[in-house]
Amino acid sequence: MIDYRLIRNEPDRVRAALLKRGYEPTLAENWLAVDARWRETTTRVETLTAEKNQVSKQIAIDKKEGRDASETIARMRALGDEIQSLEENLRQLEEERDAELLMIPNLPHESAPEGLTAEQNVEVHRWGNPIAFDFTPKPHWEIAEALDIIDFERGAKISGSGFIVYKGAGAALERAILNYMLDMHTRRHGYTEIFPPFLVRPDSMVGTGQLPKFQEDMYHCAQDELYLIPTAEVPVTNLLREEILDAAELPIRYAAYSPCFRRESGAAGRHTRGLQRVHQFNKVELVKFTLPEQSYEEHESLLKNAETVLQSLGITYRVMLLCAGDMGFAAAKCYDVEIWSPGLGEWLEVSSCSNFEDFQARRAQIRFRRSAGAKPEFVHTLNASGVAMPRLMATIIEQYQQADGSLVIPEPIRPYMGGLERISRG
RNA sequence: GGAGGAGUGGCCGAGUGGUUGAAGGCGGCGGUCUUGAAAACCGCAUCCCGGGCAACUGGGACGGGGGUUCGAAUCCCUCCUCCUCCGCCA
């Protein structure tokens with residue numbers, strides 16, 4: 001959530017930001033109206049409470065000195081009743097005020113382009129060239145089925161559509177790529193590896209913003225009131241929830257493998273075929289906690305860390321700077337990394353690289369002190385996939401397919417597969 | 001899953017209804033002393049919210065939430081976490 005002081009002190013700035021994102025600017029006015037009533041009521045409650053505290057002390061003294069306190073006690077009771085009814089109001093106002101605040105998205109960074117839809121996203125740069133085939137390339141699902149490395153049908157049989165089974169060399173390849181990416185980020189890019197829980201409590205989901213707004217997108221174990229994580233961002237960001245760090249510890253960089261579970265019911269068809277959209281997939285997630293003044297620098301290196309994975313595998317990709325209206329609710333600035341799928345002839349998103357500034361940290365209460373005794377400030381949080389597996393796997397299968405139907409394994413992955421160079425039929 | 005026990009400030013730890021943000025100790029910071037350091041002594045300390053340009057000032061916080069009471073760290077309910085024993089299990 002944003003700093004509500006901004007709404008109080010610079011409502012015009014907040015309104016402009018809301019407009020830039022395509023939100024109703026009246027969100028700010030609504031909040032201010034509730035806030036004004038809240039503050040007024042707070043003052044009255046606190047004045048009465050202050051009096052009550054005085055009277056209460058007097059009772060203690062009277063009792064100790066053996067005086068009759070029945071009159072003061074009567075006064076206390078009257079004050080108590082009045083305070084109680086006012087507090088009832090206050091609680092309602094507070095609820096309303098906080099609910100309004102949670103509806104307000106992060107303010108876009110000045111470098112986020114104007115625009116409301118994906119068409120206004122700006123291509124920042126492009127790496128590699130789509131490879132030219134001297135035969136007609138097949139889509140990944142055909143290759144994978146022919147090689148018997150992915151079983152779509154049986155995945156659907158045991159768990160429903162959107163669930164897949166990696167098999168044999170396919171399972172080994174999935175595991176190898178994940179290990180390759182994790183090793184790169186932990187050994188070369190300075191991230192600390194985290195292996196988090198995959199089920200979390202509701203308050204963790206609130207901490208990173210999946211709840212209350214996106215309840216429908218998640219798998220929920222009602223009996224235990226636990227949610228399956230849609231991304232490792234949730235447990236990893238919440239690791240430091242309600243903590244106050246030392247400035248010297250920052251930046252903190254975490255890399256985590258996790259499976260990701262997403263209900264999001266997409267319509268069947270072109271965009272759901274094969275690995276494009278599945279309910280369970282694997283991903284390596286990168287999460288950073290930084291000083292406010294360092295977050296944009298760290299945002300750029302975060303993007304590079306994700307790009308390095310793709311470059312090392314020879315995958316063609318482009319980086320898009322999202323316009324204000326196309327960014328996620330919590331982001332101030334966001335790059336999407338999209339890889340070129342030769343089989344589909346489309347760009348597919350494999351990583352969203354976001355700087356949330358203090359939006360998540362405020363909500364999750366993640367703070368730091370510049371020095372001992374200094375006032376706690378909110379850290380900045382950032383994250384990116386480094387990267388998500390299914391579309392990467394699909395693209396590797398399509399890009400590395402051979403005329404004879406076999407699949408060449410990208411060179412950096414071979415050590416992770418016992419030196420295997422090629423997956424062939426049979 | 002069953003039966004018990006516990007949760008107080010950075011740490012340890014007193015406190016079972018009243019002027020307690022909370023004794024004492026450790027650790028921390030500042031000062032006195034000292035050529036310097038140690039020791040000793042003195043002093044200061046948290047977080048959140050409201051009001052105020054400010055000095056300052058009011059309120060709240062003893063795991064979380066709710067309740068009883070004129071008044072709750074202290075009594076009751078509930079949730080969470082940790083510990084011990086039993087059961088079960090990879």
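Here is the naming used below: chain letters follow the sequence lines, and residue numbers restart at 1 for every chain.
Between the side chains of A/Asn282 and A/Glu174, at least one donor N or O lies within less than 3.5 Å of an accepting N or O. Using a 3.5 Å distance cut-off with no hydrogens or angles, the side chains of A/Tyr317 and A/Gln311 do pair a donor with an acceptor. There is no side-chain donor-acceptor pair under 3.5 Å between A/Ser111 and A/Tyr296. For A/Arg241 and A/Ser204, the side-chain atoms include at least one donor-acceptor pair closer than 3.5 Å. In the model, A/Gln360 has a side-chain atom that pairs as donor or acceptor with a side-chain atom of A/Glu233 under 3.5 Å.
If you measure from atom CZ of A/Phe368 to atom C1' of B/rG10, you get 19 Å, rounded to the nearest angstrom. Distance, A/Phe378 CZ to B/rC47 P: 13 Å, rounded to whole Å. Between the P atom of B/rG10 and the CG atom of A/Leu245 lies a distance of 15 Å, rounded to the nearest Å. Atom-to-atom, CH2 of A/Trp38 to C1' of B/rG50 comes out at 6 Å; the value is rounded to the nearest Å. Here the C1' atom of nucleotide B/rG18 and the NZ atom of A/Lys57 are 11 Å apart, to the nearest Å.
The gap from the P atom of B/rG5 to that of B/rC77 amounts to 13 Å, rounded to the nearest Å. Taking atom C1' on both B/rU32 and B/rC83, the two are 46 Å apart, rounded to the nearest angstrom. Taking the C1' atom of each, B/rG17 and B/rC70 are spaced 12 Å apart, rounded to whole Å. Nucleotides B/rC11 and B/rU57, compared at atom P, are 29 Å apart to the nearest Å. Rounded to whole Å, the separation between the C1' atoms of B/rG63 and B/rU8 comes to 10 Å. Taking the C1' atom of each, B/rC62 and B/rC47 are spaced 13 Å apart, rounded to whole Å. B/rG27 and B/rG10 are spaced 8 Å apart, taking the C1' atom of each and rounding to whole Å.
Considering only side-chain atoms of A/Arg367, the nucleotide from B/rG50, B/rC80, B/rC48 that sits closest is B/rC48.
The phosphate of B/rG28 has neither OP1 nor OP2 within less than 4.0 Å of any side-chain N or O from A/Arg369. Note on A/Tyr4: a side-chain N or O is less than 4.0 Å away from OP1 or OP2 of B/rG50.
A/His299 has its ring centre less than 6.0 Å from the ring centre of A/Tyr335.
Note on ring orientation: taking the six-membered ring where Trp is involved, the planes of A/Phe329 and A/Tyr23 are tilted (angle from 30° to 60°).
Among the atoms of the strands shown, only primed sugar atoms or phosphate atoms (P, OP1, OP2) are found under 4.0 Å from some heavy atom of A/Arg201. Using a 4.0 Å heavy-atom distance criterion, A/Arg362 is classed as making no nucleic acid contact. Heavy atoms of A/Arg44 sit nowhere under 4.0 angstrom from any nucleic acid atom.
Under the Watson-Crick or G-U wobble criterion, with both distances below 3.5 Å, B/rG7 is paired with B/rC80. Across all strands shown, B/rA55 has no partner, as no Watson-Crick or G-U wobble contact with both distances under 3.5 Å is found.
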Taking protein heavy atoms under 4.0 Å as touching, what does nucleotides 53-63 of chain B look like 5' to 3' if B marks base contact, S marks sugar-phosphate-only contact and - marks none? -----BSS---
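Under a cutoff of 6.0 Å and an axis angle of 45°, A/Arg363 and A/Phe356 do not form a cation-pi pair.
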Filtered N/O pairs between nucleotides 64-71 of chain B and protein, under 3.5 Å:
unit_1: B/rC70; atom_1: OP1; unit_2: A/Arg77; atom_2: NH2; d: 2.4

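A/His140 pairs with exactly one of A/Glu145, A/Glu398, A/Gln276 by the side-chain hydrogen bond (donor to acceptor under 3.5 Å, both in side chains) rule, that one being A/Glu398.
Not counting sequence neighbours, A/Phe261 has no partner by the ring-ring contact (aromatic ring centres under 6.0 Å, His included) test.
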